[in-house]
Amino acid sequence: MRLLDSRRLTGPNLLWERPGAIIDVDFGRRSPDLVIAAWESEVRRLLDDIGWQDEATCVRRYEGGASLAISAPVDALYTATEINDAAWDAVQDLLEGGHRQLLRRVARQLRAEVRDEERPRLQRLLATARRHAVPIVLDSREVSLGLGRYSQCWELGAVPHPDDVDWSALGSIPVGLVTGTNGKTTTVRMMAAIGQASGAVTGVSSTDWLSVGGAVVERDDYAGPEGARRILRSPECELAVLETARGGLLRRGLAVEHANAALITNIASDHLGEFGVQTLDQLADVKWVVTRALDARSQLVLNADDPLLVARAPTAPCPITWFSPDPRQRVLRAHAAAGGRTCTLRRGRIVLCEGNEVTPVVAIKRIPLCFGGLAQHNVANALGAAALAWSLGVPPTAIAEGLEAMQASDNPGRGNFYTIDGVTVLLDFAHNPHGMRAVAAMTAGLEASRRLLIIGQAGDRSDADIEQFAQATTGHRFERIIIKRLAKYNRGRADGEAAALLKQAFRQLGYGAGQLREAATEVGALRSALRWAEPGDLVLCLAHEDRDGVRTLLEKLAQRSAATG
């Protein structure tokens, strides 16, 4: 029996819509019912002792453990984590030692911490903002009222009296959330181009950067609540598109209480086993958290070809816009027949449909990232982006202009082609079986004398996930495979262990020892591939650990190749 993780929940999350604190626990050999009952008893006693009688508890069970949460005032979340930790200590003490005096000592200390952390003026400000229907963005350092160009921000220690706030100057901007397993970042980048084409200063938070008005503000992984808050507080922002990744949803929850629209691209195996998310159904539940920010006025955009999303659709809190490249798709046709909104392809063009009204948008051949339809995963991403933009009120002409304007160079590290001395190199970020199959399907349509794959996997995937990553290449034979070690992403495994599992999986797929090579770094793998390759060959390079280094080298070599002609 052990504690796995303890953290704050700052917004709507997998368990509920309330802020609070959560712990993930492993039951070990203990009875789950006994452990949960003991925790409920101990944490309830602590909550009552410090005067939080109105706060609630919530339990999410999974195989071998559970997530145990308590709600808490939004200005006392650090104290809430200590309450939950103390309750768990008491459970362990009770079940393993039996010393019942622990909570009495802890309660006195926590009451003092609550007094230190609570901020009555902040609570009055938040209550007044809710009465004015003004959006709130809150973290441990700052609070902002309103969104984007209609927002104002204060440090928590310097919030104004509600009477000193110009409430008429505060308001909202359109907000779209993008989640799913694959395609999130590309879709968000498409949305940025669409937003700019519409004339709105568009703010984007994503896996790779924050950007406002097309200018990168900072480069890093900002697909969680921190990145979302920074965009929502940008005084220039008129439209916000927020990539909302699994990790941020599980660690903290959503950064916003309300969004105008949300898109879920797809559900596929990735990062299973973390935070008690062990199955695809449970992963779908995590992605579905974005619907907690939607209401009857919002729109939910869903992939009609994803059965897990289709199964959850009846629980959506708002109207749905379905998308699929196949206009005859069963879910799409039924929804359209009922007068619902859909986004699909007709005669090679993206169309927006509502009832009998069909609005042509743009031909797929005019969208650079779709490569004439060869990149079917980007066709799906374009459909999702078009449907989301439509849901946010962007006119079809701007959707077309944005999708046509976005070039492969605007989507670095994802579907980028380079020609180096007659060798074609495709650089991509595929990192799970679903992504691998999409990229492999794209390259299957390319002519090549020989094919080489550069591949690697992070250590936080299970043995079965790593094997399935290799199996996703089935049907696309490579003359050589270079397996990267990815030491930066060992994540609990021994150095080279994940690479060895990949090598074993490829041997089982029929590759001989002479076809398989290893490389210590991604740049080293690329150099090795280019030494082997000859004019007419295709190199599929999956870059994860050093994407900037790989891209820089490819651009340098491609420019030199072009110059020497």
Side-chain angles (χ1 to χ4, degrees), residues 4-5 7-27 32 36 56-71 177-184 187 223-225 228 242-259 261-295 298-318 320 322 331 384 432-434 460-462 464-465:
L4 302 176
D5 192 68
R7 59 195 183 276
R8 293 170 294 133
L9 294 172
T10 57
N13 52 80
L14 179 59
L15 275 72
W16 52 15
E17 297 179 1
R18 308 174 69 165
I22 186 171
I23 56 175
D24 297 318
V25 301
D26 185 333
F27 294 135
I36 291 171
T57 62
C58 186
V59 175
R60 173 182 169 267
R61 295 193 186 205
Y62 49 84
E63 185 177 354
S67 297
L68 311 174
I70 60 173
S71 66
L177 307 178
V178 179
T179 194
T181 301
N182 291 313
K184 297 186 296 297
T187 302
L242 312 174
E243 183 176 343
T244 308
R246 167 206 58 87
L249 288 171
L250 287 166
R251 290 185 181 93
R252 291 286 182 264
L254 292 171
V256 292
E257 295 181 352
H258 179 262
L263 161 66
I264 308 179
T265 60
N266 48 63
I267 308 295
S269 179
D270 199 20
H271 292 286
L272 295 182
E274 297 181 12
F275 296 104
V277 178
Q278 300 165 330
T279 67
L280 277 180
D281 265 324
Q282 292 171 344
L283 182 60
D285 289 339
V286 176
K287 305 298 186 180
W288 199 253
V289 168
V290 296
T291 67
R292 293 188 182 274
L294 307 179
D295 59 24
S298 307
Q299 283 280 332
L300 177 60
V301 179
L302 296 177
N303 184 345
D305 296 314
D306 192 301
L308 290 170
L309 296 178
V310 172
R312 281 161 178 75
T315 68
C318 62
I320 294 174
W322 290 102
V331 174
N432 54 46
H434 183 273
D460 58 353
R461 268 60 168 190
S462 69
D465 287 340

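- Taking CD1 from Ile22 and CG from Leu9, the interatomic distance works out to 5.0 Å, rounded to the nearest 0.5 Å.
- Here the CG atom belonging to Leu242 is positioned 11.5 Å from the OG1 atom belonging to Thr179, to the nearest 0.5 angstrom.
- Residue pairs meeting the salt bridge (charged side-chain N to carboxylate O under 4.0 Å, His left out) criterion with at least one partner in residues 249-259, sequence neighbours excluded, are Arg130-Glu257.
- Lys287 contributes a side-chain N or O that, together with a main-chain N or O of Gly180, makes up a donor-acceptor pair within less than 3.5 Å.
- Scanning all heavy atoms of the two residues, the minimum distance from Trp16 to Ala56 falls at CH2-O, 3.5 Å.
- With values rounded to the nearest 0.5 angstrom, Ile264 atom CD1 is found 5.5 Å from Leu309 atom CG.
- In this structure, OG1 in Thr10 is found 9.0 Å from CG in Leu254, a value given to the nearest 0.5 Å.
- For the pair Val310 and Trp322, the tightest heavy-atom approach, listed with the atom from each and the gap, is CA-CH2, 3.8 Å.
- Taking CD of Gln299 as the reference point, atom CD1 of Ile320 lies at 9.0 Å (rounded to 0.5 Å).
- Pairs of residues two or more places apart, or lying in two chains, that qualify as side-chain hydrogen bond (donor to acceptor under 3.5 Å, both in side chains) and include a residue from residues 61-71 are Arg18-Ser71, Asp24-Ser67, Asp33-Arg61, Glu55-Ser71.
- Of the possible polar contacts, one joining the Arg292 side chain to the Asn13 backbone as a donor-acceptor pair under 3.5 Å is found.
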Given the rule in the side-chain contact (heavy atoms from CB on, under 4.5 Å) test, do Leu68 and Thr57 qualify, once you have shown the distances and angles that lead to the verdict? CA-CA 7 Å; Leu68 311 174; Thr57 62; over 6 Å; no
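- Here Arg8 pairs with nothing under the salt bridge (charged side-chain N to carboxylate O under 4.0 Å, His left out) rule; sequence neighbours left out.
- Interatomic distance, Cys58 SG to Ile70 CD1, rounded to the nearest 0.5 Å: 12.0 Å.
- Across all non-hydrogen atoms, the minimal contact from Thr265 to Val178 is CG2-CG1, 4.4 Å.
- Between Pro225 and Gly248, the shortest heavy-atom distance links the atoms CD-CA, 3.9 Å.
- Between Gly276 and Arg60 the shortest heavy-atom distance is O-NH2, 3.0 Å.
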Chi angles and distances behind the side-chain contact (heavy atoms from CB on, under 4.5 Å) call for Ile36, Phe27: CA-CA 9 Å; Ile36 291 171; Phe27 294 135; 3.9 Å; yes
Could you walk me through whether Leu280 and Ile267 pass the side-chain contact (heavy atoms from CB on, under 4.5 Å) check? CA-CA 7 Å; Leu280 277 180; Ile267 308 295; 4.2 Å; yes
Take Arg312 and Asp281 through the salt bridge (Lys or Arg N to Asp or Glu O under 4.0 Å) test and state the conclusion after the steps. CA-CA 10 Å; Arg312 281 161 178 75; Asp281 265 324; 3.3 Å; yes
Trp288 and Leu249: CA distance, side-chain angles, deciding distance, side-chain contact (heavy atoms from CB on, under 4.5 Å) verdict: CA-CA 10 Å; Trp288 199 253; Leu249 288 171; over 6 Å; no
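- Between Asp5 and Ile23 the shortest side-chain heavy-atom distance does not fall below 4.5 Å.
- Nearest heavy atoms, Leu15 versus Ala69: CD2-CB, 3.6 Å.
- Using a 4.5 Å heavy-atom threshold, the side chains of Val25 and Leu4 count as separate.
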